[in-house]
Amino acid sequence: MDDQGRLFPGKQFISTVLDALRTKSTMSGGLAHIYLMRAAMAGALIGIMYITYYTVIATFAGIGDGDLAGLGSMVGALVFGFALVFIYFSKSELLTSNMMIVSVGRYYKKISAWRGLHVLLLCYLGNILGGLAVALAVLGSTLGDGAVGEQMQHSVDHKLGYLTEGLAGWSDLFVRAVLCNFMINLGMLLVYNGFVKNDGTKALMMIMSVFVFAFVGFEHSVANTALFLMVGLHDGIDVGLALGNLAVVLAGNFIGGGLLIGYYYSFANDDRRYLRKQGARTGTEADTEV
């Protein structure tokens, strides 16, 4: 690795992300229906894996006197971590990771603000449609009944409860949203940076990044959307509080993934200032020698 590579080790990450951005920008234009389908697939995968997550929790909580509930949360979070692996390897489109990608593109002026917003809004619409499809499947089945439904309802009550706790609750929700997408896109950074070649290791990093957010209780906008749709269609939900939750979480997710990962690593690996300084120094030295 040369001096420039050691000084700016994230150049491969930036290059890979900008390549991905060009594909997403093109698809969200002339191939918008395909892009929407890929985003819907991501939303559906999130919904299915969230059902699995609550099923695991309910299963462990139902053993004995419920002493294994904590272990169930840990195993459930680990299982839910595979959602990002499925999304990545199926080439589906997830809003939260696209926040990082669009932010890198904006930093390097490879996409306009309007075009970037269009990419994100279309992606979120697809994620919603995928989550809605799973919610309708839950409504037409017994998947959300019994102990599983109780776990989901408890989670919804907790998530909506942040908004009724005043400024402290809103702040808590926002911080959890920031940290959530920070972890998600930290995992994607490790996948995109070119240092990890093995697909198994990439999968492990994605699983662990999601495990942290799911087990600790961070807030993910697409996961919350899928959960609110599943519980809302099945048992009803306070729509105002649900929308308020999503507004706060979307803002926090953008800061965590878009600014703290996307903009930060773009700036930290921007070698243009360094090259200009090196060029100016070389020119000065050449003039001196002459």
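These numbers come from a predicted model, not from an experiment.
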Visitor: Any donor and acceptor pair, going by atom type alone, linking the side chain of Y35 with main-chain N or O of V119 inside 3.5 Å?
Guide: yes
Visitor: Within the structure provided, determine whether M49 and V134 are in side-chain contact (heavy-atom separation under 4.5 Å).
Guide: no
Visitor: Test of understanding: clusters of I, L, V, M, F, W, Y form through side-chain heavy atoms closer than 4.5 Å, transitively. Do I255 and F267 belong to the same one?
Guide: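 In one cluster with I255: F267, yes.
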Visitor: Are side-chain heavy atoms of Y265 and V104 found at a separation under 4.5 Å?
Guide: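 Not in contact.
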Visitor: Provide the closest heavy-atom pair for S209 versus M206 in the form atom of the first, atom of the second, distance.
Guide: OG-O, 2.8 Å
Visitor: Mind checking whether L120 and L95 have side chains closer than 4.5 Å, heavy atoms only?
Guide: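 The answer is yes, as the side chains (C-beta and beyond) meet within the 4.5 Å cut-off.
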Visitor: Does any non-hydrogen side-chain atom of L84 lie less than 4.5 Å from one of M188?
Guide: yes
Visitor: Give a yes or no on whether the backbone of D145 and the side-chain of T142 come within a donor-acceptor separation of less than 3.5 Å.
Guide: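 It does not hold such a pair.
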Visitor: For atom CG of N198, is the number of surrounding heavy atoms from other residues, nucleotides or ligands below 6.0 Å larger than 12?
Guide: yes
Visitor: Under a 4.5 Å cut-off applied to non-hydrogen side-chain atoms, are L94 and N127 in contact?
Guide: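 Yes; the side chains approach each other to less than 4.5 Å.
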Visitor: If you take all heavy atoms of G72 and I57, which pair is closest and at what distance?
Guide: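 So the minimum-distance heavy-atom pair works out to O-CG1, 3.8 Å.
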Visitor: Are M37 and L31 joined in one hydrophobic group, where the rule is that I, L, V, M, F, W and Y side chains link up if heavy atoms are under 4.5 Å apart?
Guide: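 In one cluster: yes.
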Visitor: From the options I63, D65, L71, select the one residue that forms a side-chain contact (heavy atoms from CB on, under 4.5 Å) with D67.
Guide: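 The side-chain contact (heavy atoms from CB on, under 4.5 Å) with D67 is passed solely by D65 among I63, D65, L71.
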Visitor: Rounded to the nearest 0.5 Å, what separation is found between the CG atom of L189 and the OG1 atom of T16?
Guide: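 Between atom CG of L189 and atom OG1 of T16 there are 10.5 Å.
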Visitor: Are L36 and L121 connected, step by step, through hydrophobic side chains (Ile, Leu, Val, Met, Phe, Trp, Tyr) whose heavy atoms are closer than 4.5 Å?
Guide: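 Cluster IDs for L36 and L121 differ.
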Visitor: Quick check against the 3.5 Å criterion: does H220 have a side-chain atom that pairs as donor or acceptor with the backbone of C180?
Guide: no
Visitor: Provide the closest heavy-atom pair for S103 versus G262 in the form atom of the first, atom of the second, distance.
Guide: CB-CA, 4.5 Å
Visitor: Can you tell me how far CG of N224 sits from CG of L173, rounded to the nearest 0.5 angstrom?
Guide: 8.0 Å
Visitor: Hey, are the side chains of M152 and I51 touching, using non-hydrogen atoms and a 4.5 Å cut-off?
Guide: yes
Visitor: Hey, what do you get for OG (S97) to NZ (K24), rounding to the nearest 0.5 Å?
Guide: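 Spacing of OG (S97) from NZ (K24) equals 6.0 Å.
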Visitor: Between the main-chain N or O of A137 and the side-chain N or O of S141, is there a donor-acceptor pair closer than 3.5 Å?
Guide: yes
Visitor: Roughly how far apart are L78 CG and M208 CE, rounded to 0.5 Å?
Guide: 7.0 Å
Visitor: Any side-chain heavy-atom pair from V249 and L246 closer than 4.5 angstrom?
Guide: no
Visitor: Test your reading of the model: is there a side-chain donor-acceptor pair from N269 to the backbone of I14, 3.5 Å cut-off?
Guide: no
Visitor: Any side-chain heavy atom of I101 within less than 4.5 Å of one from Y192?
Guide: yes
Visitor: Classify the side-chain pair D270/Y107 by whether it contains a donor and acceptor separated by less than 3.5 Å.
Guide: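 On atom types as modelled, these side chains qualify, holding a pair under 3.5 Å.
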Visitor: Closest approach of L163 and L241, non-hydrogen atoms and distance?
Guide: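 Reported closest heavy-atom pair: CD1-O, 2.9 Å.
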Visitor: So which heavy atom on H234 is nearest to which on V138, and how close?
Guide: CD2-O, 4.2 Å
Visitor: Applying a strict under-4.5 Å side-chain criterion to I, L, V, M, F, W and Y, I'd like to know whether I184 and V175 cluster together.
Guide: yes
Visitor: Report yes or no: does N245 contribute a side-chain atom to a donor-acceptor pair with the main-chain N or O of K159 at less than 3.5 Å?
Guide: yes
Visitor: Rounded to the nearest 0.5 Å, what separation is found between the CG atom of L250 and the CZ atom of F174?
Guide: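 Between L250 CG and F174 CZ, I get 11.5 Å after rounding to 0.5 Å.
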Visitor: Does the structure place the NZ or CZ of K91 under 6.0 Å from the centre of the six-membered ring of F89, at an angle of no more than 45° from the ring's axis?
Guide: no
Visitor: Do V216 and V210 sit in the same hydrophobic cluster, where Ile, Leu, Val, Met, Phe, Trp and Tyr count as joined when their side-chain heavy atoms come under 4.5 Å apart?
Guide: yes
Visitor: Kindly indicate, with the supporting measurements, whether the criterion side chain to side chain contact (heavy atoms under 4.5 Å, CB included) is fulfilled by V156 and L227.
Guide: CA-CA 7 Å; V156 168; L227 178 63; 3.7 Å; yes
Visitor: Would a distance-only check, ignoring hydrogens and angles, find a side-chain to backbone donor-acceptor pair under 3.5 Å from N185 to T96?
Guide: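 Yes: the side chain of N185 pairs with the backbone of T96.
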Visitor: Please list all pairs meeting ring-ring contact (aromatic ring centres under 6.0 Å, His included) that have one or both residues in residues 64-87, counting only residues at least two apart or in different chains.
Guide: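 Pairs touching residues 64-87 that pass the test: Y50-F80, Y53-F80, F80-F213.
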Visitor: Strictly distance-based, threshold 3.5 Å: is any side-chain N or O of N193 a donor or acceptor partner for the main-chain N or O of F13?
Guide: no
Visitor: Would you call the rings of F211 and F215 parallel, tilted or perpendicular, taking 30° and 60° as the class edges?
Guide: parallel
Visitor: So, S155 versus Q151: side-chain donor-acceptor pair below 3.5 Å or not?
Guide: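 Per modelled atom types, S155 and Q151 side chains form no pair under 3.5 Å.
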Visitor: Under the salt bridge (charged side-chain N to carboxylate O under 4.0 Å, His left out) test, which residues partner R106, sequence neighbours left out?
Guide: none
Visitor: Atom CE of residue position M27 - does it have more than 12 heavy atoms of other residues, nucleotides or ligands inside 6.0 Å?
Guide: yes
Visitor: Answer with yes or no whether the side chains of S221 and Y124 bring together a donor and an acceptor at under 3.5 Å.
Guide: no
Visitor: Could you give the distance from OG (S28) to CD1 (I34), rounded to the nearest 0.5 Å?
Guide: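 That separation rounds to 13.0 Å.
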Visitor: Closest heavy-atom contact between G105 and L18?
Guide: CA-CD2, 3.9 Å
